Amino acid sequence: MTQVYPHANAVAESSKWQSSSAPEIGSSPRIDEIYAIDVFDMRKMRERLPKHVFKNITKTVEQHKRISMDDAEVVATAMKDWAIERGATHYTHWFQPMTGLTAEKHDALVTPDGQGSVVYRLSGSSLVQGEPDASSFPSGGLRATFEARGYTAWDPSSPAFIIRGSNYATLCIPTAFVSWNGEALDKKTPLLRSIEALDKQAMRILRIFGTDEGVSSVGTTLGSEQEYFLVDRNLYFARPDLVGCGRTLYGNTPPKHQQLDDHYFGAIPPRVNAFMAELEQELFKLGVPVQTRHNEVAPGQYEIAPLFESTNIACDHQAILMDTLKRVAGRYNFAALLHEKPFAGMNGSGKHNNWAMSTDTGVNLLDPQNETHTNTQFMTFLCAVIRAVHLHGDLLRAVIASASNDHRLGANEAPPAIISIFLGDMLTDLIEQIEKGVTSRTIKGGALDLGARTLPELKRDSGDRNRTSPFAFTGNKFEFRAVGSTASVAWPNTVINTIVSESLDFVATKIESKLGKNPSEAKRNQVVLGVLQEVVKEHKSIIFNGDNYTQEWEDEAEQRGLPNLRSTAEALPAMEKSAAKKMFRKYKVLSASELESRVEIFAEKYITELTIEARMMIHMARTLILPAAVKHQKSLADTINSSEQAGMNCVGLRETLEAFTDLVQTFQDQISHVESGLHIPEVSTLKQCTHCREVLFTAMDELRASGDELERHVEGALWPMPTYQELLSLR
């Protein structure tokens, strides 16, 4: 039977349940077509710029030097020529405001020459600086409506790229976004500041060990995995909650969903594989180095993962990836859902934020190497991270807090709200040795004999992995697994860089004060080990290698003094603490007003998202679910009346009708409770967050429970929207 959802007709070309096949793919594209890169990167600059200008640009990128306007003019001309050769007619300063999305204003590269013709022009000043309206973006009080001026500033360290459509091509220039007062209104500016802060402190550690020769800078690297769901586009438009909120506000899990673990790493459906292939082609052209694709745990859920890059570029590429993913999905009649928890009762989506530190010469400072107990420099960086996470665990929880991620954290599928570190057997043993003051061994993983001679002997890692840990060491990096799938990764990495900078500063200062001038290697190692011993003793309680999902860990974490901040309302106040303000100010990452503005922005976003969801729930309850329930109730009553008139015994049916009528009444009462919860008191924004969590969110949960119970009883043909069964069955 064809199911029709009339309310979706205004937005969907067809709201019928029908197969949504992929467009004709035709023959596979040639390799040179896939890799026809639309990125103005350093290689393109080397080809097109005079040697002295390219040398200056290289210094800008690698040594954080400012570029001169003379050089900017040359770069602008070369960039313009390259872009128009590739069909671009417009350019835009592409930036990342505090909405968490990207923003752009297109300007024409074409200018009338006054003689009946046109010229292509991009000046150095237009490349370096733009001026979008700053009053209509979230500013947390930094800008008022009448204070509109804001500036975008070119980021030479992130390559420009071209976005294409069916009849357009636009040159996108990555930029920072600041107010007229110079205050950061975006995610990029604090990130770049934090990278410079970490560079300064990490270089001090290298100088202590004498390993700074030939090293100009230390940066951070990032590989950010992205999980997402795909649903048929026509069914998506038939769900007002998916369209308006990104997640289902009502819905029952089908009898079979992910219980058999048969979707995870299973064969990718052909239509999905075709979508993935085109997505990867687009990303390759934009310079985004994606490498991995696979099915995730829940039906309809997938993952894409890139190679490691410098953190600033990786954050830009993550934003490009999300935009591209949604754009390409539409070509295959999919809607891509990036929400952390689009379907209740099933696996949610996150980003696994793989973070490391490395020198500009390519040395990974978090690589333990073979005999780790002799690698004192590695131990120093490791202990600095341990200290940073222990001291600022509440801040790490705050930076991944959102209304959407609250549905996922601690839901037996994602890291819990308690921040801890997993190190594995080898590093935990090393930490225990450091605490005793002597390091003498490194646990080896050995090899695995699989028992069949046709199978190879496998090299076993020295420690297992822990997928329940929010901050896990995974070989030569830390994986911050709690970042939400909708989030910009720039903000979490800004905070990681800053807290590690503070910790490296602390450790370096301690060591330097005890070393004196020209210490021997033996004395240096003795002093360093002594400082690390103090750090471990004070901060080892953050290390936990067990199951983070258990109640036992929750109880133990409380005994250890680790905060358990279950919701955004509980987590955001960590950003208001004096220690956080002092740290961000000291390392010139955020001023006090910039940090306060972010607290206000995140709190307002939390309140706004919850109130939008509440209003959508009420709308769907009154206009979709309740009418369907009343029709079912009437149908049931009519059946009973006609059956009894025919002399049939309908005691059981009457009991069913009475129970259903009570359920409808409960549903109506709970609609009123949600409406009451929408009356938010006139108090501080953070207190309003608490009200939304404790009153509004609770009422919404109860309304959903009743709505889902109605779905279990209402006749299927009457149910007014696609069910989970339909949404999760890709065709």
Side-chain angles (χ1 to χ4, degrees), residues 98-100 138-142 240-241 244-250 339-342 344 348 394-411 416-419 482 484 486-487 491 554 563-578 580-581 595-622 666-708:
M98 294 301 295
T99 57
S139 70
L142 292 179
D241 45 3
C245 304
R247 75 178 182 102
T248 54
L249 301 175
Y250 298 98
H339 193 285
E340 282 78 1
K341 195 78 169 177
D394 57 347
L395 194 56
L396 282 178
R397 172 65 182 90
V399 302
I400 44 90
S402 68
S404 52
N405 211 17
D406 278 359
H407 292 283
R408 172 177 166 264
L409 294 181
I418 304 167
I419 300 297
T486 56
W491 176 231
E554 194 171 318
N564 186 3
L565 306 173
R566 295 176 176 84
S567 71
T568 297
E570 297 173 81
L572 287 182
M575 293 170 59
E576 286 199 317
K577 291 184 177 180
S578 58
K581 293 179 180 178
L595 182 59
E596 289 165 5
S597 75
R598 278 146 179 79
V599 178
E600 191 71 15
I601 289 168
F602 299 146
E604 286 180 355
K605 185 177 182 183
Y606 176 79
I607 295 164
T608 303
E609 287 184 354
L610 275 185
T611 54
I612 289 172
E613 287 186 352
R615 292 190 176 101
M616 181 65 77
M617 288 191 81
I618 293 168
H619 167 73
M620 294 174 69
R622 292 201 185 282
T666 299
F667 186 65
Q668 289 178 295
D669 293 341
Q670 287 170 348
I671 294 172
S672 299
H673 294 163
V674 174
E675 288 176 323
S676 298
L678 282 168
H679 296 295
I680 300 174
E682 295 288 335
V683 291
S684 71
T685 312
L686 285 178
K687 288 182 179 178
Q688 288 180 345
C689 283
T690 302
H691 167 87
C692 285
R693 176 66 185 184
E694 294 179 354
V695 179
L696 182 58
F697 183 81
T698 301
M700 291 164 64
D701 252 5
E702 292 170 352
L703 177 60
R704 174 172 189 149
S706 291
D708 291 352

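Position 1 is the first residue of the sequence; numbering continues from there. The shown structure was predicted, so the numbers you read here are calculated from the model rather than taken from an experiment.
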Exercise. List the atom of Cys692, the atom of Tyr606, and the distance in Å for their closest heavy-atom pair.
Key: CB-CE2, 4.3 Å
Quiz prompt | Sequence-distant partners of Lys581, salt bridge (Lys or Arg N to Asp or Glu O under 4.0 Å), two or more places apart | solution = Glu596
Practice problem: Can you sort out the partners of Arg622 under salt bridge (Lys or Arg N to Asp or Glu O under 4.0 Å), two or more places apart, ordered by chain and number? | Solution: Glu675
Quiz item: Measuring from Phe697:CZ to Leu610:CG, what's the distance to the nearest 0.5 Å?
Solution: 7.5 Å
Quiz item: Pairs in or reaching into residues 677-692: which pass side-chain hydrogen bond (donor to acceptor under 3.5 Å, both in side chains), with residues at least two apart or in two chains?
Solution: Glu600-Thr685
Quiz item: Excluding sequence neighbours, so at least two apart, what forms side-chain hydrogen bond (donor to acceptor under 3.5 Å, both in side chains) with Asp701?
Solution: none
Quiz item: Hey, what do you get for CG (Leu703) to CG (Asp708), rounding to the nearest 0.5 Å?
Solution: 9.0 Å
Quiz item: Mind checking what makes side chain to side chain contact (heavy atoms under 4.5 Å, CB included) contact with Val599, not counting sequence neighbours?
Solution: Met575, Glu576, Leu686
Quiz item: Roughly how far, to the nearest 0.5 Å, is CG of Leu565 from CD1 of Ile419?
Solution: 8.5 Å
Practice problem: Could I get the full list of side chain to side chain contact (heavy atoms under 4.5 Å, CB included) partners for Ala401, not counting sequence neighbours? | Solution: Arg397, Thr568, Ala571
Quiz prompt | Sequence-distant partners of Phe602, ring-ring contact (aromatic ring centres under 6.0 Å, His included), two or more places apart | solution = Trp491
Enumerate, atom names and distances included, each donor-acceptor pair closer than 3.5 Å involving a side-chain atom of residues 611-618, sequence neighbours excluded.
residue : atom : partner : partner atom : Å
Thr611  : OG1  : Ile607  : O            : 3.0
Thr611  : OG1  : Thr608  : O            : 2.9
Glu613  : OE1  : Arg247  : NE           : 3.4
Glu613  : OE1  : Arg247  : NH2          : 2.9
Glu613  : OE2  : Arg247  : NE           : 3.0

Practice problem: With sequence neighbours excluded, tell me which residues meet side chain to side chain contact (heavy atoms under 4.5 Å, CB included) with Ser597. | Solution: Leu142
Quiz item: In chain order, what residues pass the salt bridge (Lys or Arg N to Asp or Glu O under 4.0 Å) check against Glu570, with sequence neighbours excluded?
Solution: none
Practice problem: Could you tell me whether the side chain of Pro342 reaches within less than 4.5 Å of the side chain of Thr248, counting heavy atoms only? | Solution: no
Exercise. Tell me, please, which residues at least two apart from Phe667 pass ring-ring contact (aromatic ring centres under 6.0 Å, His included).
Key: none
Exercise. Under the side chain to side chain contact (heavy atoms under 4.5 Å, CB included) rule, collect the residues that match up with Asn564, sequence neighbours excluded.
Key: Ala417, Ile418, Glu554, Arg566
Exercise. Would you check if His407 and Glu340 make a side-chain contact, meaning some heavy-atom pair closer than 4.5 Å?
Key: no
Exercise. State, to 0.1 Å, how close Ala574 and Ala398 come at their nearest heavy-atom pair, and which atoms those are.
Key: CB-CB, 4.3 Å
